[in-house]
Peer 1: 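Take this structure first; my questions come after.
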Amino acid sequence: MTHLHPVQIVGAGPGDPDLITVRGQKLLALADTVFYAGSLVPEGLLGWCRPEAERIDTRSLTLEAILPDLIARVHAGLRVVRLHSGDPCLYGAVHEQMVALVEAEIEFEIVPGISAFQAAAAALKVELTVPGLVQTIILTRASGRTGIPAAEELAGLAAHRASLCLYLSAHHAVECEERLLAHYPPETPVAVCYRLGWPDERIVRTRLDGLARTTREEKLTRTTLYLISPALEAAPSRSRLYHPEHHHLFRASH
Ligand SMILES: C[S@@+](CC[C@H](N)C(=O)[O-])C[C@H]1O[C@@H](n2cnc3c(N)ncnc32)[C@H](O)[C@@H]1O
């Protein structure tokens, strides 16, 4: 890290503070100001910062409110880190921020992070690309307020029967299940992963036709990643881990 750009957009990983890259950790230690969304980025990560570093929790702020503050700090000669949960390139509204930085002629760097889908695969001890079974991973989301292009409609993506990682979809579990069932068999294994890497992490295994029911029973509305994949059945400890009726793994809540 010889020449540092004034703004570093850093992937924080999914939850556990240890799951940031070494580079991300070093940049946090050098930062004068850190912008982070408290609801998605664990406070523990801020332990890498200098005690005097300014910490700005953006959870209740709009992008329009954050950007002028961020730009003002750069103009004051401060080193700024913008921490993003998981990897910044996925569902992080980073595009809008980069456009604003380019317009303001501020140079920035992006430091990748571990995304929720990778944390899920690791927690489940599963390879998402098992030879002979599945060789494609699809990262997508339900069509909520943001909307998704027609060509990416979930039922169409389901036709590939790939390892499908569904972000931002807990509010739309019923529609998602319905659309995925257009092509995946009902018994396709699903892992419902809530707050991976956080102390209240919960992972529930079910079948595709139990995705919506599990979401309802577990009262999940946010920070949930669904992993739908034939590879889940191929996990080495299948007989212990998989059951046609879902059950809790790891830190079971009840
Ligand atoms: C705004 S997006 C950010 C995604 C993030 N950039 C990433 O790469 O993981 C938030 C969504 O990511 C997923 N997510 C992020 N962190 C998660 C975690 N620790 N456990 C489960 N899902 C998570 C959930 O689908 C959540 O609704």
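Residue numbers start at 1 and run along the sequence shown. In each ligand, atom 1 is the first atom listed, and ligand 1 is the first ligand listed. Values reported hereafter were calculated over all heavy atoms of this structure, with side chains retained and with hydrogens, waters and symmetry mates removed.
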Peer 1: Could you give the distance from CG (L128) to OG (S163), rounded to the nearest 0.5 Å?
Peer 2: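 L128 CG to S163 OG: 5.0 Å, rounded to 0.5 Å.
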Peer 1: Between S85 and ligand 1, does any nitrogen or oxygen pair lie at a separation below 3.5 Å?
Peer 2: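 So ligand 1 has an N or O lying under 3.5 Å from an N or O of S85.
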Peer 1: Starting from atom 7 (C) of ligand 1, which protein heavy atom do you reach first, and at what distance in Å?
Peer 2: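 Of every protein heavy atom, S115 OG, 3.3 Å lies nearest to atom 7 (C) of ligand 1.
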Peer 1: Out of all atoms in ligand 1, which are within 4.0 Å of some heavy atom of P14? Include the element for each.
Peer 2: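 What qualifies from ligand 1 is 19 (N).
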Peer 1: Using 30° and 60° as the class limits, which term best fits the ring planes of Y91 and Y167: parallel, tilted or perpendicular?
Peer 2: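 Geometry flag for Y167 against Y91: tilted rings.
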Peer 1: Purely on distance, is any nitrogen or oxygen of G92 under 3.5 Å from one on ligand 1?
Peer 2: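 In fact, backbone or side chain, G92 has no N or O that close.
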Peer 1: Does one side chain, of H172 or E177, offer a donor that lies under 3.5 Å from an acceptor on the other?
Peer 2: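 Their side chains do not contain a donor-acceptor pair, so the 3.5 Å distance test is not met.
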Peer 1: Starting from atom 3 (C) of ligand 1, which protein heavy atom do you reach first, and at what distance in Å?
Peer 2: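 Among all protein heavy atoms, the one nearest atom 3 (C) of ligand 1 is Y91 O, 3.5 Å.
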Peer 1: For H84 and ligand 1, answer yes if some heavy atom of the residue is under 4.0 Å from a ligand atom, otherwise no.
Peer 2: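 No, H84 has no heavy atom closer than 4.0 Å to ligand 1.
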Peer 1: Would you mind checking which non-hydrogen protein atom is closest to atom 13 (C) of ligand 1, with the distance to 0.1 Å?
Peer 2: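 Ranking protein heavy atoms by distance from atom 13 (C) of ligand 1, first comes Y167 CD2, 3.6 Å.
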Peer 1: Considering non-hydrogen atoms of the protein only, which is the closest contact for atom 26 (C) of ligand 1, and what is the distance?
Peer 2: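 Protein heavy atom with the smallest distance to atom 26 (C) of ligand 1: T223 CA, 3.9 Å.
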Peer 1: Would you mind finding which of V41, L227, T224 brings a heavy atom closest to atom 25 (O) of ligand 1?
Peer 2: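 The residue whose heavy atom sits nearest atom 25 (O) of ligand 1 is T224.
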Peer 1: Geometry only, no angles: is L90 polar-contacting ligand 1 at N/O separations under 3.5 Å?
Peer 2: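 Yes, at least one N or O pair falls under 3.5 Å.
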Peer 1: Taking 4.0 angstrom as the limit, do R207 and E233 come out as a salt bridge?
Peer 2: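 Result for this pair is no, no salt bridge flagged.
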Peer 1: Of all the heavy atoms in G15, does at least one lie under 4.0 Å from an atom in ligand 1?
Peer 2: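 Checking ligand 1 against G15, which is what was asked, there is no heavy-atom contact under 4.0 Å.
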Peer 1: Counting N and O atoms only, with roles assigned by atom type, does the side chain of R50 sit under 3.5 Å from a partner on the main chain of A31, one being a donor and the other an acceptor?
Peer 2: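 Looks like yes, one N/O pair under 3.5 Å.
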Peer 1: Show me which atoms of ligand 1 lie under 4.0 Å from any heavy atom of L225.
Peer 2: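 Every atom of ligand 1 under 4.0 Å from some heavy atom of L225: 21 (C), 22 (N).
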Peer 1: When rounded to the nearest 0.5 angstrom, what distance separates NE2 in H183 from CG in L164?
Peer 2: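 Here the interatomic distance stands at 12.0 Å.
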Peer 1: Relative to ligand 1, is A116 under 4.0 angstrom through side chain, backbone, both or neither, heavy atoms considered?
Peer 2: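 A116 to ligand 1: contacts from backbone and side chain alike.
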Peer 1: Quick check: D87 and ligand 1, any N/O pair under 3.5 Å apart?
Peer 2: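 Yes, D87 has an N/O under 3.5 Å of an N/O on ligand 1.
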Peer 1: With no hydrogens and no angle check, do the side chains of S85 and Y36 hold a donor and an acceptor under 3.5 Å apart?
Peer 2: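 S85 vs Y36: no donor-acceptor pair found between side chains.
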Peer 1: I need the nearest protein heavy-atom contact for atom 10 (C) of ligand 1: residue, atom name and distance, please.
Peer 2: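 Here the nearest protein heavy atom works out to L168 CD2, 3.8 Å.
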Peer 1: Is the side chain of T58 donor-acceptor paired with the backbone N or O of L61 at a distance under 3.5 Å, no angle test?
Peer 2: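 No, because the side chain of T58 does not come within donor-acceptor range (under 3.5 Å) of the backbone of L61.
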Peer 1: How far does CG of L78 sit from CG of D32, to the nearest 0.5 angstrom?
Peer 2: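 Between L78 CG and D32 CG, I get 4.5 Å after rounding to 0.5 Å.
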Peer 1: Any atom of ligand 1 sitting under 4.0 Å from a heavy atom of G197?
Peer 2: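 The answer is no, since G197 has no heavy atom less than 4.0 Å from ligand 1.
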Peer 1: Looking at T140 and I138, would you say the former's side chain and the latter's main chain have a donor-acceptor pair under 3.5 Å?
Peer 2: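 Side chain of T140 to backbone of I138: no pair is present.
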Peer 1: Closer than 4.0 angstrom, basic N to acidic O: yes or no for E43 and R55?
Peer 2: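 Salt bridge absent between E43 and R55.
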Peer 1: Under 3.5 Å between any N/O of L196 and any N/O of ligand 1: does that happen in this structure?
Peer 2: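 Looking only at distances, the answer is yes, because the N/O contact criterion of under 3.5 Å is met.
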Peer 1: Using a 4.0 Å cutoff against the non-hydrogen atoms of C193, which atoms of ligand 1 qualify?
Peer 2: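 Near C193, meaning under 4.0 Å from one of its heavy atoms, ligand 1 has 21 (C).
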